[in-house]
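Hydrogens, waters and symmetry mates play no part in the numbers below; they use all other heavy atoms, side chains included. Just so you know, ligand 1 is whichever comes first in the structure, and atom 1 is the first atom listed for that ligand.
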Amino acid sequence: MIKKLSTILILGLLTVALAAAAPGPRHVYLTWQGDTSTTMTVVFQTLTPVDDPVVYFGPDSHEKLSEYPSQTKGRPTKFPGLNRWVHFVKLTGLEPGQTYYFRAGDSKNGFSTERKFRTMASESEDVRFVTGGDMWIEPATFELMKQAASQSPQFALVGGDMAYADGKTSHVNFWDKWLDGWDKYMVTPQGYMIPMILAVGNHETRGGFGGKPEDAPYFYNFFKQDARGYFSRRLGPDIIVYVLDSGHTNPQGGAQAQWLAKEMERTQNIKNRFALYHVPLYPSYPGVFNNPYESGGRKHWGPLFDKYRLKAGFENHYHTFKRTKPLRGNKVDPAGTVYLGDGCWGRPPRKVKAQLDWYEAKTASRRHVWLVDVSGDKVHYRAMDPHGKIFDEYEN
Ligand SMILES: [Fe+2]
């Protein structure tokens, strides 16, 4: 009898110890596959296959999983060529402008700590977001994440060249460091996670340019925002972002340009229209203005940006700071589009041209992120360095 009791006790203790030791998911992060006011896609990863990925969630904080009023099951997806499972759990039917608390995980690996996010509002409100690209996993990458999050942005537009894994399975550790950094630092002072909207860059893609979606396995399998790699996201009633692929896994012209023409026409009455992509139409780096993907952007997208009066193009790729003059029809025009870049969220800054080009208002060899404040149809842009110093501002 005593032996039986002690066996039960040991088994019980072991179960408690195992539950306590269950590490939970390897990463937890947020993105969107559709409506930003009523859905949120919680993504988490595990290093082993699981049968029952699930997110427990609700509008209030809870101690126990069983206390959350809602749960949504995910679909386990194995990452090609790696012992890695990515679980996408799309929460739907959410209330706009509402805070939600959640825990993500499965019965074998355990669950994350409680996290929270906020859906976008469905009515006009002031919105703040951050944007930048060319990050990698340097101390400065994470300093800029901290500075960006300290400003309480509602989401982040990430313009390509995130972890520099070049689509190689042997470089998954780059993504692990990048996602660990995002999880640790991209949390607002109020404790909100910051959802990501990402564009593909050459360093997500095997071969860099001229490839297909299969060549950018992390971009498509870690995030799954849209099967094509170009799409638009509406962020409340007053903002739309056209997320484009500057020739990495889709040609800039052809189907993508045709889609963009239709989409910009369909959405032309939304007050603030932005584009996010990797390779600049108006680069600040010397000697590249007529390179194929720079001129390809000006040829296939530039006339659409002009016709439908894009407010700002968020450009990346060159590891410099840049703000152009307002441009329309390849000329300076006070009512034109401003192009902000050029991707220096961590990577060592490169030299800019010795003198400003005709289209440039300001350039610098300086790490930064852009903070963007939208209020009605007014947009205020500020460039912030890794010390939190604002060193450029613009409004349109
Ligand atoms: Fe790049």
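In summary, no N, O or S atom of Asn316 is located under 2.8 Å from the Fe ion (ligand 1). Residue Asp161 counts as close to the Fe ion (ligand 1), with an N, O or S atom under 2.8 Å.
Around the Fe ion (ligand 1), the two atoms NE2 of His278 and ND1 of His317 are separated by an angle of 90°, to 10 degrees.
Side-chain contact of Glu214 with Tyr220: a donor-acceptor pair under 3.5 Å is absent, judged by distance alone.
Ring geometry for Phe174 against Trp136 counts as perpendicular: the plane angle is over 60°, on a 0 to 90° scale with 30° as the lower cut. Under the 30°/60° scheme for interplanar angles, the aromatic rings of Phe223 and Phe219 are found to be tilted.
For Arg103 and Tyr68, the positive end is not near the middle of the six-membered ring at less than 6.0 Å and at most 45° from its axis.
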